[in-house]
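Worksheet: one structure, shown below.
The chains referred to below are lettered A, B, ... by the order of the sequence lines, with proteins before strands, and numbering in each begins at 1. Note that these values count all heavy atoms, side chains included, but never hydrogens, waters or copies made by symmetry.
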Amino acid sequence: MDITLFKRRSDYEWEIEPTGGMRVPGVIYASEALVREMDHKVYEQTVNVAALPGIVQASYAMPDAHWGYGFPIGGVAAFDPDEGGVVSAGGVGFDISCGVRCLHTGLTADDIRGVQKLLADTLYVRIPAGVGSTGRVHLNREEMDAMLTGGAKWAVDRGYGTAADLDRTEEHGQMRDARAANVSDRAKKRQQDEMGTLGSGNHYLEVQEVREIYDAKAAAAFGLKPGDAVVSIHCGSRGLGHQIGTEFLKKMAIAAGTYGIALPDRELACAPIHSPVGEEYLGAMRAGINCALANRQILTHLVRGVFADVLPQARLPLLYDVSHNTCKVEEHVVDGKPRRLFVHRKGATRAFGPGHPDVPEPLRAVGQPVLIGGSMGTGSYVLVGTKEAEARSFSSACHGAGRAMSRHQAYRTWKGRQVIDELAGRGILIRSPSSRGVAEEAPGAYKDVGAVVDAADAAGLARKVARLEPLVCVKG
DNA sequence: ATGTTC
């Protein structure tokens with residue numbers, strides 16, 4: 001990307017001054033090197049979002065931003081319903097409430113290495129992964145609606161996990177104001193056999209080792225120390241979320257015309273927050289959030305079952321569960337005044353700072369855990385929310401490494417077998433139903449996640465706490 | 001991301 005397009009606010013904050021139809025500035029948080037590496041489409045899309053009605057403060061892009069459908073992936077935008085603000089399905093993303101949860105194990109990485117192959121094989125057999133994978137949980141109409149309303153709480157009520165898990169999940173595991181009736185029969189049908197499944201693409205389940213601690217106080221509060229083994233799960237709302245996104249993009253394209261909203265890009269289809277379509281989407285999207293929360297909760301139960309058999313001394317309490325594809329109603333201070341805003345985070349993680357009432361009490365003094373998934377070879381990070389991010393990004397941070405190479409290019413560059421062998425040589429066991437998927441997810445196809453989290457840290461969006469490296473990875 | 005193009 002051409003760096004001269006930006007006004008440099010600091011080494012990690014790059015402003016696009018408002019011109020043309022832009023109602024607010026664009027702001028990209030990244031190092032100069034990351035901005036230069038970004039696709040020019042990130043610039044265009046950040047500019048386009050800034051032109052939407054009711055946008056507040058700025059159109060933001062996180063350090064891992066890349067080209068998405070309409071909104072950039074790694075985009076954050078907040079809208080005020082009282083100023084004509086809109087909600088956009090493309091501003092949430094197709095995989096509604098895709099996110100990451102991290103579980104302690106009470107074990108060390110050495111404990112894992114003793115049974116690493118057995119653990120990898122058992123996880124692979126018991127955790128359904130891949131395109132169209134189905135699970136053991138099958139929902140009739142009544143249970144589907146209960147799940148869409150109840151989220152992770154629904155799952156816990158049916159024996160998949162414990163009440164303590166809910167204390168460590170955003171929204172306490174149950175998104176309010178979800179409307180199962182707003183979710184189409186087709187979306188429900190696609191999901192009826194897909195609960196407790198990982199899906200495909202960049203979704204994964206990993207057993208990881210805590211390799212480095214950057215913030216001793218936060219790490220202690222999070223219960224992380226070097227050599228600890230943890231389990232991270234990255235997945236979302238599967239076919240249901242995708243179907244909701246697809247249907248509402250069409251409805252919003254029509255609604256935008258009806259309400260006379262000038263769209264700089266057709267993909268930015270949106271509707272006023274308080275319009276019938278806007279409210280219908282919000283109810284369905286919240287049901288999609290509950291689907292993703294329930295899905296990760298059932299997967300957690302499956303993982304605990306595997307550990308009970310392979311490493312029965314293990315205990316797997318939840319550290320935290322974050323979603324990085326959402327639109328949520330939050331109170332934020334803008335120009336000294338608190339306002340109720342609809343915050344879209346698409347490929348961006350909520351990152352509440354210390355003292356925020358929505359951070360679980362045992363963690364509140366240090367801030368919300370921010371879980372960042374990396375690639376199979378380079379590992380992942382745990383960060384913590386900061387006070388500064390409130391003013392900088394509506395308390396948001398990056399969500400992952402971001403692709404540096406298209407899936408197709410990665411498929412042409414690597415063979416799945418080659419990636420698996422190379423990682424095995426470094427002590428990382430990969431299990432996947434798709435050799436092509438592994439090639440597409442080769443570590444070399446991703447940006448350097450370390451550079452991304454360093455930029456997030458330096459920009460004050462969140463602070464680095466720990467780095468995790470994979471021992472076992474089940475890929476979809 | 002996605003019953004990998006309704």
Side-chain angles (χ1 to χ4, degrees), chain A residues 41 45 64-75 88-101 128-135 138-139 144 183-205 233-251 253 267 269 284-285 287-289 291-293 295-296 299 322-327 344-349 373 375-376 398-403 405-412 416 432-441 445-446 474-476:
Chain A
K41 277 281 178 187
Q45 295 190 322
D64 52 337
H66 52 286
W67 182 7
Y69 186 93
F71 286 59
I73 297 162
S88 171
V92 171
F94 281 93
D95 190 4
I96 295 166
S97 197
C98 181
V100 181
R101 68 165 50 187
V131 176
S133 52
T134 55
H138 309 283
L139 302 183
M144 175 62 70
V183 178
S184 70
D185 287 343
R186 190 168 180 188
K188 290 174 183 172
K189 187 163 176 55
R190 281 182 69 171
Q191 194 61 31
Q192 62 188 4
D193 301 317
E194 288 196 347
M195 296 308 294
T197 66
L198 212 44
S200 63
N202 68 355
H203 290 166
Y204 60 76
L205 185 151
I233 300 169
H234 177 213
C235 66
S237 51
R238 306 285 286 110
L240 181 131
H242 189 269
Q243 188 64 31
I244 293 171
T246 304
E247 291 169 8
F248 276 93
L249 277 168
K250 287 180 195 157
K251 289 188 186 186
E267 294 184 356
M285 188 264 314
I289 291 178
C291 176
L293 297 178
N295 193 29
R296 290 197 286 274
L299 286 164
V322 300
S323 295
H324 49 230
N325 282 359
T326 59
C327 174
H344 293 66
R345 296 188 181 88
K346 178 188 189 179
T349 308
S375 76
M376 295 184 287
C398 56
H399 84 305
R403 292 197 76 87
M405 190 187 283
S406 71
R407 290 192 171 274
H408 190 72
Q409 195 181 348
Y411 178 60
R412 283 185 319 209
S432 174
S434 168
S435 173
R436 178 176 185 143
V438 171
E440 290 177 351
E441 290 290 320
Y446 278 88
V474 177
K475 262 283 178 193

Under 4.0 Å, counting only non-hydrogen atoms across every strand here, what does A:Gly201 touch: a base, just sugar-phosphate, or nothing? sugar-phosphate
Could you state the interatomic distance from CD (A:Gln45) to CD (A:Glu267), rounded to the nearest 0.5 Å? 7.0 Å
Provide, to the nearest angstrom, the distance between the NE2 atom belonging to A:His203 and the P atom belonging to B:dT4. 16 Å
Spacing of A:Glu247 atom CD relative to B:dC6 atom P, expressed in whole Å: 12 Å
Thinking salt bridges, do A:Arg403 and A:Glu441 make one under a 4.0 Å N-O criterion? yes
Out of B:dC6, B:dT2, B:dT4, which has the shortest distance to the side chain of A:Val131? B:dT4
Which residue lies toward the 5' end of DNA chain B, A:Glu440 or A:Cys98, if each is placed at its nearest nucleotide? A:Cys98
Whole-Å gap separating C1' (B:dT5) and CD (A:Gln243): 14 Å
Ring centres under 6.0 angstrom apart (A:His324, A:His234): yes
Atom NE2 of A:His408 to atom P of B:dT5: distance rounded to whole Å? 13 Å
Need one value for A:Arg436: base, sugar-phosphate or nothing, where a base atom within 4.0 Å counts as base even if backbone is also close, heavy atoms only. nothing
If you compare all heavy atoms of A:Asn295 against all heavy atoms of A:Cys235, which two are closest, and at what distance to 0.1 Å? ND2-SG, 3.8 Å
Give the rounded distance in Å between these two atoms: CZ of A:Arg407 and C1' of B:dT2. 11 Å
Rounded distance in Å - OH (A:Tyr411) to C1' (B:dT4): 13 Å
How long is the line joining CG of A:Leu249 and P of B:dT2, in whole Å? 16 Å
Is the shortest side-chain N/O distance from A:Arg238 to OP1 or OP2 of B:dT2 below 4.0 Å? yes
Are any of A:Ser200's side-chain N or O atoms less than 4.0 Å away from OP1 or OP2 of B:dT2? yes
How would you label the contact of A:Glu194 with the nucleic acid (heavy atoms, under 4.0 Å): base, sugar-phosphate, or nothing? sugar-phosphate
Checking side-chain hydrogen bond (donor to acceptor under 3.5 Å, both in side chains) between A:Ser323 and each of A:Arg345, A:Arg101, A:Arg296, which is the one that passes? A:Arg296
Give one of base, sugar-phosphate or nothing for A:Gly199, where a contact means two heavy atoms less than 4.0 Å apart. sugar-phosphate
Starting at atom NZ of A:Lys250, determine the distance to atom P of B:dC6, rounded to an integer number of angstrom. 9 Å
